[in-house]
Number of protein chains: 2
Amino acid sequence: MPSRSRHNHQKCIRDAVSAAERICVGRGVRLTPLRRQVLELVWSSHAPIGAYEVLELMAGDGARPAPPTVYRALDFLKTEGLVHRIETLNAFVGCAHPEAPHDAQYLICEACGNAVELEIDGLSRQIQKAAAREGFSVGGQTVEVKGKCGDCLGSRVS
Amino acid sequence: MPSRSRHNHQKCIRDAVSAAERICVGRGVRLTPLRRQVLELVWSSHAPIGAYEVLELMAGDGARPAPPTVYRALDFLKTEGLVHRIETLNAFVGCAHPEAPHDAQYLICEACGNAVELEIDGLSRQIQKAAAREGFSVGGQTVEVKGKCGDCLGSRVS
DNA sequence: AGTGTTATGTTATACTATAACAATTTCGTC
DNA sequence: GACGAAATTGTTATAGTATAACATAACACT
Ligand SMILES: [Zn+2]
Ligand SMILES: [Zn+2]
Ligand SMILES: [Zn+2]
Ligand SMILES: [Zn+2]
């Protein structure tokens, strides 16, 4: 994965929105201008963003929407797997692999705030097996790891 | 692990409080009556309990404390590793292995609300290795699994 | 155009958590 | 036992997160 600090993030946003449009058309659901704007704002950085921060950013346009407006858009995006909610931060972040909805695993940097979505090989399966051993049937998993990212560690291999 | 539905939960609570007292004495920190009461209330079931629910239960005694009172007690208990916070529920639950503070892995039943603390073998290590591969230094992990527990599945092996 | 459905606007409120400062209790020291 | 420092608890106010309930508007389909 490329360093988060030196990629073309405008392209990053455009790609995410393009993918979202394609996905929504394919599913017959509507990525309305409002939902699209919220998605863009969530993607405005790789750091998870709070619902009220999104509100603030929308207020820049003059007319500040009320909380339910942004929460409904976020609910839609989350249901379609276009964003994930970071439970430990009460915040939202764009999904890096939105083609198929999935549980995400996140590395969250406490220094720069960025969150990187992981696919730890076999981890979901392993959790499922351990749960099954307890007679537990798994619905969804939340895996969030806090720490410091490579950029913030100065690119040193710790 | 025994079925959660047919153990002597009064003993369960007493054991947890006894262990907490022992641990706090050993560390030279004070399990005050207030903190002890909050710990008992958190242990009043195996389902995570919200801070304001704890408040309600304390109000039964006549004098209802204000939110900071219970939040401070919960902070103490969490710092000492006597309770864990369940991020996906904004709620707290007693720690099953409080001797040494640790990150917990939880199975949370969406039917009965109970949460069981797991120690999935090697999972922490595996997450740490995957993170290291990304140049990420791990501080803490949150692993919360939602689904249905054995009891609620009718003791069938799904 | 008419109609049911989906999406958005609006107001109010619920739920979760902390800031800031005052009063009290605890504990070691004199 | 009196004193002072430190820790704990009380109190008031407020910040931050999220949803209920109902009104209006846009869309899709005939
Ligand atoms: Zn980017
Ligand atoms: Zn960082
Ligand atoms: Zn029990
Ligand atoms: Zn259950």
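First the proteins, then the strands, lettered A, B, ... as listed; each starts at 1. Fair warning: this is a prediction, and the values are worked out from it, not measured in the lab.
Distances were taken from every side-chain heavy atom of Ala66(B) (C-beta onward) to each of dA7(C), dT11(D), dT11(C); the shortest belongs to dT11(D). For Pro68(B), the listed nucleotide lying nearest its side chain is dT11(D); candidates were dT11(D), dT11(C), dT16(C). Side-chain proximity of Arg35(B) to the nucleotides dT8(C), dT17(D), dT8(D) is greatest for dT8(D).
In the hydrophobic clustering, where aliphatic and aromatic side chains (Ile, Leu, Val, Met, Phe, Trp, Tyr) are joined below 4.5 Å either directly or transitively, Val25(B) stands alone.
Protein atom CG of Asp75(A) is 6 Å distant from nucleotide atom P of dT19(D), rounded to whole Å. Taking atom CD on Glu87(A) and atom C1' on dT17(D), their separation rounds to 12 Å, with Å as the unit. Rounded to an integer number of Å, the gap from Met58(A) CE to dT10(C) P is 12 Å. The OH-P distance, from Tyr71(B) to dT11(D), rounds to 18 Å in whole Å. Distance Leu74(B) CG to dT8(D) P: 15 Å, rounded to the nearest Å. Look at CG on Leu55(B): it is 17 Å from P on dA14(C), rounded to the nearest Å. For the pair Leu34(B) CG and dG10(D) P, the interatomic distance rounds to 6 Å; values are reported in whole Å. Between the CG atom of Leu89(B) and the P atom of dT17(D) there is a distance of 18 Å, given to the nearest Å.
In this structure, Thr69(B) reaches the bases: a heavy-atom distance under 4.0 Å links it to at least one base atom across the strands shown.
Lys146(A) NZ: more than 12 foreign heavy atoms inside a 6.0 Å radius.
Between Phe76(B) and Ala91(A), the one whose closest nucleotide on DNA chain D sits nearer the 5' end is Phe76(B).
Take Tyr71(A) and apply the side chain to side chain contact (heavy atoms under 4.5 Å, CB included) test, not counting sequence neighbours, and it matches Ala51(A), Tyr52(A), Pro67(A). Listed by chain and residue number, nothing satisfies the side chain to side chain donor-acceptor pair (under 3.5 Å) test with Arg22(B) (two or more places apart in sequence, or in another chain).
Sequence neighbours left out, the pairs with a member in residues 87-98 of chain B that pass salt bridge (Lys or Arg N to Asp or Glu O under 4.0 Å) are Arg85(B)-Glu87(B).
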With 3.5 Å as the limit, what N/O pairs link the protein to nucleotides 22-27 of chain D?
none

Which atom pairs, donor and acceptor, lie under 3.5 Å between side-chain atoms of residues 100-109 of chain B and protein residues at least two apart or in another chain?
{"from": "His102(B)", "atom 1": "ND1", "to": "His97(B)", "atom 2": "O", "distance (Å)": "3.4"}
{"from": "His102(B)", "atom 1": "ND1", "to": "Ala100(B)", "atom 2": "O", "distance (Å)": "2.8"}
{"from": "His102(B)", "atom 1": "NE2", "to": "His84(B)", "atom 2": "NE2", "distance (Å)": "3.3"}
{"from": "His102(B)", "atom 1": "NE2", "to": "Glu117(B)", "atom 2": "OE2", "distance (Å)": "2.6"}
{"from": "Asp103(B)", "atom 1": "OD2", "to": "Gln141(B)", "atom 2": "N", "distance (Å)": "3.0"}
{"from": "Gln105(B)", "atom 1": "OE1", "to": "Ile120(B)", "atom 2": "N", "distance (Å)": "2.7"}
{"from": "Tyr106(B)", "atom 1": "OH", "to": "Glu117(B)", "atom 2": "OE1", "distance (Å)": "3.2"}

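Nearest heavy-atom pair, Ala16(B) versus Leu39(B), reported as atom, atom and distance to 0.1 Å: O-CD2, 4.4 Å.
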